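Contents: one structure, followed by commentary.
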Amino acid sequence: MREYIANRILTALEEMGGVPEGFAPDFQQPANPEHGDLATNAAMQLSRALRRAPRQIAEELVRRLVLDPRRVASAEVAGPGFINFRFSDRYVSEALRDILEQGDRYGRTATGAGRRAIVEFVSANPTGPLTVGHGRNAVLGDTIANLYDWTGWDTTREYYFNDAGRQMRILAQSVEARYRALADPSHGTKTIDGAGEPVVVPESFPEDGYLGDYIATIAGELFERHGTTLLGGDVQPFKEAAETAIFAEIKATLVRLGIRMDTYFNERTLYESGEIWRIVDALKARDLAYEKDGAVWFRTTAYGKETDTVLVKSTGEPTYRLPDIGYHVEKLGRGFDRVVDIFGADHIATFPDVLSGVKALGHDADRIQVIIYQFVTLVRGGEPVKMSTRKATYVTLDELMDEVSEDVTRFFFLMRSPNTHLEFDLDLAKEASEKNPVFYLQYAHARICSILRKAEEVGFAAATDADLGLLTHETETALVKTLLSFPDVLDRAAEAHEPHRVATYLREVAVAFTQFYGACRIIGEAAPVAAARMRLAVATRHVLRNGLSVLGIGAPERM
RNA sequence: GCGCCCGUAGCUCAACCGGAUAGAGCAGCGGUCUUCUAAACCGCAGGCUGCAGGUUCGAGUCCUGCCGGGCGCGCCA
């Protein structure tokens with residue numbers, strides 16, 4: 001519809017002349033229903049170029065505008081120069097028929113058709129269970145991937161990790177120390193500081209080791225399986241056991257959240273392929289990298305930073321920036337048209353270096369979209385909770401889901417814009433979970449299912465040939481019009497990488513349906529009217545179900 | 001000190017590329033179940049959009065400065 005009206009406007013404007021090259025009228029959905037179904041501010045935008053008053057332009061435009069009355073009922077000038085369009089009844093009922101035909105595909109668009117996107121998210125190294133902090137990343141990334149999928153992109157979900165660094169070494173040593181305490185009765189103990197409190201640990205436990213219970217569990221399993229045979233040996237078996245166990249747990253947590261990765265990318269690949277050293281050479285060849293004090297530096301001052309940045313330490317070990325650059329070059333090399341990263345706010349200062357590196361190597365960094373989300377502040381008993389994976393002062397995602405359910409967890413992380421801080425009050429989430437807005441959406445869906453069940457009981461099959469023109473009540477047309485914007489909402493949410501728009505929209509759908517439900521009965525009305533209303537209910541169910549599915553949230557048939 | 005994000009109703013947050021009278025939920029007050037799910041609906045109250053300038057037909061939105069909160073600024077990841 002937008003496209004149709006835009007074309008008609010451009011045709012009319014052509015006759016008027018003086019319109020700037022490439023002008024595209026902008027549309028919005030008026031907040032006030034008195035302002036019609038669609039509005040354009042084209043006349044105001046053109047005021048300057050045409051050197052005429054907006055209202056005058058708008059009036060001439062409307063006079064010249066040729067619109068098919070079967071689609072558009074009216075076009076009128078209002079306010080400072082808006083042109084308000086009202087859809088015809090015929091268009092509205094045809095659009096509703098279209099929703100019903102598309103069913104569980106309704107909402108899908110072809111915006112990204114023929115293009116490929118990769119969304120990298122979670123990407124936690126296997127040093128411990130996923131925490132509430134990872135939750136926002138995981139749910140945001142998965143839902144953004146869903147949005148790409150629904151808007152026609154060929155979408156890949158990827159998990160990037162590093163199992164070779166210092167943290168993994170400390171993790172392995174932590175497991176080994178717990179194991180020794182089990183396998184060797186003579187192994188002593190010591191006291192270290194953990195989260196401000198003294199903790200008793202095995203004597204060989206690293207000062208900054210991991211204190212979580214899962215470490216002891218892994219050590220216990222090793223002892224059961226291998227007895228004392230691992231004593232005094234290499235640390236490698238401990239590392240492998242820890243990585244295997246922790247990754248299994250992470251994947252299980254993701255599955256609970258409804259997340260399945262398509263690919264896993266190990267940072268080590270970039271070392272083994274020699275990719276990172278090729279990058280160093282290429283940067284040096286362009287005089288964007290140089291050696292100083294035994295280290296290799298990236299000339300980030302050439303990109304507006306105050307200082308240059310170390311790429312390879314004097315120990316010969318790369319900093320994480322180098323493989324990050326390599327990883328992004330590699331992803332672009334795989335032919336993705338869009339490379340999306342989901343990062344926490346702590347990466348805000350580092351990803352520009354990565355983009356600079358990608359650009360320096362002659363790649364198209366514009367294909368890379370970095371989504372920065374603000375941190376989750378966990379509040380318990382009115383106090384913010386400090387979290388650390390190493391010190392085990394965290395709340396895991398699994399614990400959170402146990403407390404408030406998977407659906408509430410997902411919705412909570414999605415209902416707010418990524419770039420606002422998210423305050424997660426645990427007490428509130430637990431106590432007031434029944435008041436959570438997600439239930440409102442699910443309830444509307446369950447209610448529709450209930451009506452359809454009831455209709456069947458009383459022998460009221462939902463005829464597919466209903467006369468949709470009978471839907472003339474205020475709440476009926478309002479509901480249909482709300483349903484109509486679903487594809488557009490998905491397009492915009494995908495483009496902006498803002499899943500919360502879908503959540504906000506679904507609430508509007510649920511409100512519109514509930515108002516219709518309150519004002520109009522279905523079962524018991526004259527057959528033609530009842531049939532038409534049932535079709536409307538079915539269409540609404542499609543939008544709710546499809547929308548919830550984009551968010552990764554269940555659509556229960558009864559509650 | 002520098003960079004980025006945020007500041008909107010008592011609380012948590014919306015506001016689509018700068019548009020028309022800034023909207024929801026929760027909390028508060030008052031109504032509504034003999035009829036398809038009351039996990040609901042209707043109504044009332046609640047605002048100098050942190051402050052001060054600027055840009056323009058028009059600013060919560062863009063620019064500058066200040067105030068307040070968060071995150072980051074390492075040969076750590």
Side-chain angles (χ1 to χ4, degrees), chain A residues 24 26-32 34-35 39-41 43-45 47-48 53-55 78-82 84 125 127 162 165-168 292-297 304-307 309-321 324 344-350 352 372-375 377 415-423 425 428 432 434-437 439-440 442-444 446-455 457-458 460 485 488-489 491-493 495-496 498 500-501 503-505 507-508 510-511 514-515 517-525 530 533-534 537 558-559:
Chain A
D26 196 22
F27 291 95
Q28 57 174 317
Q29 276 180 38
N32 184 339
E34 285 172 26
H35 296 147
T40 180
N41 59 350
M44 283 119 96
Q45 290 175 296
S47 171
R48 187 182 289 263
R55 267 200 84 100
F82 288 99
N84 295 332
N125 289 335
T127 58
N162 171 23
R166 176 172 175 271
Q167 293 306 316
M168 288 301 291
K292 193 183 92 182
D293 305 330
V296 179
W297 296 71
K305 286 222 347 184
E306 279 181 20
T307 55
T309 310
V310 171
L311 286 179
V312 184
K313 297 185 249 177
S314 54
T315 60
E317 204 182 341
T319 64
Y320 70 99
R321 270 166 233 248
D324 270 4
D346 52 342
H347 284 72
I348 194 88
T350 71
I372 298 284
Y373 62 90
Q374 299 299 312
F375 276 147
T377 310
M415 60 191 286
R416 276 152 210 178
S417 161
N419 58 8
T420 70
H421 297 269
L422 181 67
E423 191 172 302
D425 190 324
L428 200 72
E434 283 173 17
K435 293 173 187 164
N436 193 297
F439 290 115
Y440 184 82
Q442 294 183 320
Y443 184 69
R447 190 180 244 174
I448 293 170
C449 293
S450 169
I451 292 168
L452 298 177
R453 275 195 304 269
K454 182 90 176 190
E457 277 171 30
V458 299
F460 228 108
S485 51
D488 194 51
V489 167
D491 265 337
R492 288 173 186 249
E495 189 190 348
E498 293 184 344
H500 75 280
R501 295 185 190 208
T504 306
Y505 167 75
R507 165 159 263 282
E508 284 172 27
V511 166
T514 309
Q515 283 169 348
Y517 172 84
C520 304
R521 286 195 56 80
I522 299 176
I523 298 161
E525 292 293 322
R533 286 180 177 166
M534 225 177 312
R558 48 184 96 225
M559 286 173 75

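Predicted model only: the values in this text are computed from it and were never measured. The sequence lines fix the lettering, A, B, ..., with proteins before strands; numbering per chain opens at 1. Atom set for the values below is all heavy atoms of this structure, side chains included, hydrogens, waters and symmetry mates excluded.
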### Query
What nucleic acid atoms does A:H500 come within less than 4.0 Å of, heavy atoms only: base, sugar-phosphate, or nothing?
sugar-phosphate
### Query
Does atom CZ of A:R453 have more than 12 heavy-atom neighbours, drawn from other residues, nucleotides or ligands, at distances under 6.0 Å?
yes
### Query
Looking across every strand, which nucleic acid part, if any, lies under 4.0 Å from A:N41 by heavy atom: base, sugar-phosphate, or nothing?
base
### Query
Is any side-chain N or O of A:Y517 closer than 4.0 Å to OP1 or OP2 of B:rA38?
yes
### Message
Syn or anti for B:rC6, given that syn means the glycosidic angle lies within 90° of 0?
### Response
anti
#### Entry: Nearest-0.5 Å distance that lies between atom CD in A:E423 and atom CZ in A:R416
8.5 Å
### Message
Base, sugar-phosphate or nothing for A:A53? Non-hydrogen atoms, less than 4.0 Å.
### Response
nothing
### Message
Would B:rC67 be called syn or anti here, given the cut-off of 90° from 0?
### Response
anti
### Query
Per the atom types in the model, does the base of B:rA20 pair as donor or acceptor with the side chain of A:N84 at under 3.5 Å?
yes
### Query
Touch check for A:R558, heavy atoms < 4.0 angstrom, all strands: base, sugar-phosphate only, or nothing?
base
### Message
Within the 4.0 Å heavy-atom criterion, would you say A:S314 contacts the bases, only the backbone, or no part of the nucleic acid?
### Response
base
### Task
Would you mind classifying the nucleic acid contact of A:Q28 as base, sugar-phosphate or nothing, using non-hydrogen atoms under 4.0 angstrom?
base
### Query
Could you state the interatomic distance from CE (A:M168) to CG (A:N162), rounded to the nearest 0.5 Å?
8.5 Å
#### Entry: Base partner of B:rC41, which must satisfy Watson-Crick or wobble distances under 3.5 Å
B:rG31
### Query
Is there a donor N/O on one and an acceptor N/O on the other, under 3.5 Å, for the side chain of A:S450 and the base of B:rC36?
no
### Message
Which is more 5' along RNA chain B, the nucleotide nearest A:G524 or the one nearest A:R166? Just name the residue.
### Response
A:G524
### Query
Which is true for A:T307 with a 4.0 Å heavy-atom rule: it touches a base, it touches only sugar-phosphate, or it touches nothing?
nothing
### Donor-acceptor pair under 3.5 Å, A:D346 side chain vs B:rG72 base
no
### Task
Would you indicate what A:Q442 reaches in the nucleic acid, counting non-hydrogen atoms under 4.0 angstrom: base, sugar-phosphate, or nothing?
nothing
### Query
Is the shortest side-chain N/O distance from A:R453 to OP1 or OP2 of B:rU37 below 4.0 Å?
no
### Summary
Of B:rG72, B:rA77, B:rA15, the nucleotide closest to the side chain of A:E498 is B:rA15
### Residue-phosphate contact under 4.0 Å: A:S417 side-chain N/O, B:rA15 OP1/OP2
no
### Task
Verify the stacking flag for A:H421 against B:rG70: centroid separation must be under 5.5 angstrom and the ring planes must differ by under 30 degrees.
no
### Message
Regarding A:A295, tell me which of base, sugar-phosphate or nothing describes its non-hydrogen contacts under 4.0 Å with the strands shown.
### Response
base
### Query
Which part of the nucleic acid, if any, lies within contact of A:N32, taking any heavy atom under 4.0 Å across all strands shown: a base, the sugar-phosphate backbone alone, or nothing?
base
### Query
How would you label the contact of A:D488 with the nucleic acid (heavy atoms, under 4.0 Å): base, sugar-phosphate, or nothing?
nothing
### Query
Does A:Y320 make a side-chain donor-acceptor contact with the base of B:rA77, cut-off 3.5 Å?
yes
### Query
In the strands shown, is B:rA14 matched to any nucleotide by a Watson-Crick or G-U wobble pair with both distances under 3.5 Å, and which?
none
### Summary
Re B:rA9: Watson-Crick or G-U wobble partner, both distances kept under 3.5 Å, found to be none
### Message
Tell me whether A:F82 and B:rA20 count as stacked here, given that the ring centres must be under 5.5 Å apart and the planes must differ by less than 30 degrees.
### Response
yes
### Message
Need one value for A:E317: base, sugar-phosphate or nothing, where a base atom within 4.0 Å counts as base even if backbone is also close, heavy atoms only.
### Response
nothing
### Task
State the pairing partner of B:rC62; accept Watson-Crick or G-U wobble contacts with both distances under 3.5 Å, and report none otherwise.
B:rG54
### Query
If pairing requires Watson-Crick or G-U wobble contacts with both distances under 3.5 Å, which nucleotide is the partner of B:rG3?
B:rC71
### Query
When rounded to the nearest 0.5 angstrom, what is the spacing between OG1 in A:T514 and CZ in A:R447?
5.5 Å
### Task
Select base, sugar-phosphate, or nothing to describe what A:A446 touches, counting heavy atoms under 4.0 Å on all strands.
base
### Side chain of A:Q374 (C-beta onward), nearest among B:rU37, B:rC16, B:rC5
B:rC5
